[in-house]
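A, B, ... follow the sequence lines: proteins, then strands. Residue 1 opens every chain.
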Amino acid sequence: MAREHEEQPMHPHAPRRQMTRRQFLSYTLGAAGAFMAGGVIIPMIRFAIDPLLKPKAVVPFVKVAELSQISSQPVSYSFQTLQIDGWIEKNVEQTAWIAKSSAGELFALSPVCKHLGCTIDWNSNPQHPNEFFCPCHAARYTPEGKNLAIAPAPLDEYEVKIENGFVYLGGIRPNTIAT
Amino acid sequence: MKFDAVPKEQWSQWEAYVDTVLIPWSALCGSEMPWEMHARLALVRDVMEPLERAFAGRVLTIPAVHYGVGDAGWQEVSTVARMCRVRGVAFVVVAAPHVPTGMCTEAVDLIVCPDGAYIVKEGQWVVWEQPMHPLVALWNTSIV
Ligand code: FES
């Protein structure tokens with residue numbers, strides 16, 4: 001019995017792990033303060049980054065031209081699209097070169113040169129007739145947008161939809177017609 | 001392209017192609033009313049934007065020159081143009097609300113204003129009347 005006592009000594013004066021009133025008050029007030037601040041800050045952060053949380057919008061199709069007017073000769077058409085950049089919404093003027101390929105397929109090319117982004121023009125250089133030409137560093141493209149000089153890639157194209165005799169253009173994607 | 005859209009790492013690849021600088025000049029002196037300042041800046045923006053869009057790959061827009069009393073503003077533009085030449089820029093274009101009253105400077109090739117484009121001829125600003133864009137005409141003297 002005496003041995004048992006030795007193994008489990010009693011320490012009647014050991015300090016008790018107890019929270020003081022001051023500690024209790026500061027923990028409680030800290031937690032309440034953090035809860036209230038979170039209630040204000042979290043909705044603000046959500047509001048600020050809301051555009052980033054939204055899934056990327058699909059570019060709507062815009063009516064641009066009458067189907068009957070499209071030939072094998074590229075013609076420039078201008079149209080407006082609504083551009084949403086974060087919180088800023090604005091109408092942006094766009095241009096497309098629309099034509100029919102030798103196989104009769106309708107296509108619409110972006111006028112942005114794939115070299116460094118200048119605006120290309122059709123048939124504007126007498127030395128290179130029936131080609132798209134870039135005035136900046138002389139990049140050249142076939143009517144279907146295939147890159148012939150300077151530019152590293154073919155001209156991009158718009159998604160095309162034909163409905164009730166009209167041509168509608170959507171988002172921009174890499175060229176699928178140039179071979 | 002605008003100066004703030006040029007990443008430092010990319011510049012060595014682009015530099016040879018971007019041989020033209022566009023200096024916006026609002027020709028303000030500080031005595032204008034706020035709406036007059038706004039209108040002046042809008043004029044400059046409206047002549048600048050088509051240039052920037054059409055020639056984004058060869059023209060670098062740098063920060064604007066805004067204030068100067070009398071000819072001081074134009075002198076400032078001329079100095080900036082000369083300093084651009086020192087760093088190797090081949091062509092300098094100024095987008096302005098009007099043709100400067102001060103002397104022509106060799107350092108500026110072209111001024112584009114709301115009422116048209118002007119080139120220097122025999123020490124005078126002369127309106128550009130040919131169908132070809134004056135900037136393309138300038139470049140045609142030396143395609144990069
Ligand atoms: S941007 Fe078109 S050739 Fe350089």
Side-chain angles (χ1 to χ4, degrees), chain A residues 74-83 85-86 88-97 108-129 131-141 145 147-156 158 169 172 175, chain B residues 1-22 41-42 45-62 88-93 95 109-110 112 117 119 128 130-144:
Chain A
V75 172
S76 164
Y77 288 87
S78 294
F79 57 102
Q80 301 245 326
T81 54
L82 182 68
Q83 211 167 67
D85 184 5
I88 301 164
E89 292 188 10
K90 58 177 178 181
N91 275 319
V92 178
E93 174 132 326
Q94 311 253 35
T95 305
W97 286 94
L109 296 174
S110 155
V112 179
C113 179
K114 294 298 280 186
H115 179 222
L116 287 175
C118 291
T119 303
I120 50 113
D121 203 355
W122 170 251
N123 231 346
S124 59
N125 186 332
Q127 283 161 21
H128 301 286
E131 287 179 4
F132 287 108
F133 182 77
C134 179
C136 285
H137 316 103
R140 290 160 37 223
Y141 303 86
N147 47 320
L148 298 172
I150 311 285
L155 293 171
D156 287 337
Y158 288 91
L169 301 185
I172 286 186
N175 195 307
Chain B
M1 61 189 73
K2 288 215 196 287
F3 67 95
D4 58 351
V6 182
K8 190 177 169 191
E9 317 75 54
Q10 203 76 53
W11 183 240
S12 59
Q13 287 170 39
W14 290 354
E15 195 173 8
Y17 297 106
V18 186
D19 64 350
T20 305
V21 152
L22 172 64
L41 292 185
R45 181 203 57 208
D46 290 349
V47 292
M48 249 170 71
E49 276 184 357
L51 269 182
E52 289 184 305
R53 208 175 315 122
F55 306 116
R58 191 163 172 179
V59 176
L60 175 74
T61 306
I62 63 172
V89 168
F91 304 97
V92 176
V93 183
D109 297 290
L110 176 69
V112 188
I119 54 159
W128 178 262
Q130 293 171 42
M132 181 182 276
H133 195 286
L135 194 46
V136 177
L138 273 175
W139 287 341
N140 280 351
T141 57
S142 68
I143 282 281
V144 171

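One distance of note links NE2 of B:His133 with CG of A:Asp121; it measures 12.0 Å at 0.5 Å rounding. Separating the CD atom in A:Glu93 from the CD atom in B:Glu49 is a distance of 11.5 Å, to the nearest 0.5 Å.
Scanning both residues, A:Cys136 and B:Ala54, for their nearest heavy atoms gives SG-O, 4.5 Å. Shown here for A:Cys118 and B:Gly57, the closest heavy-atom pair between the two residues is SG-N, 3.1 Å. Here the closest non-hydrogen pair linking B:Trp139 and A:Pro135 is CE3-O, 3.5 Å.
Contacts between residues 108-117 of chain A and chain B, counted as heavy-atom pairs separated by less than 4.5 Å, involve A:His115, A:Leu116, A:Gly117.
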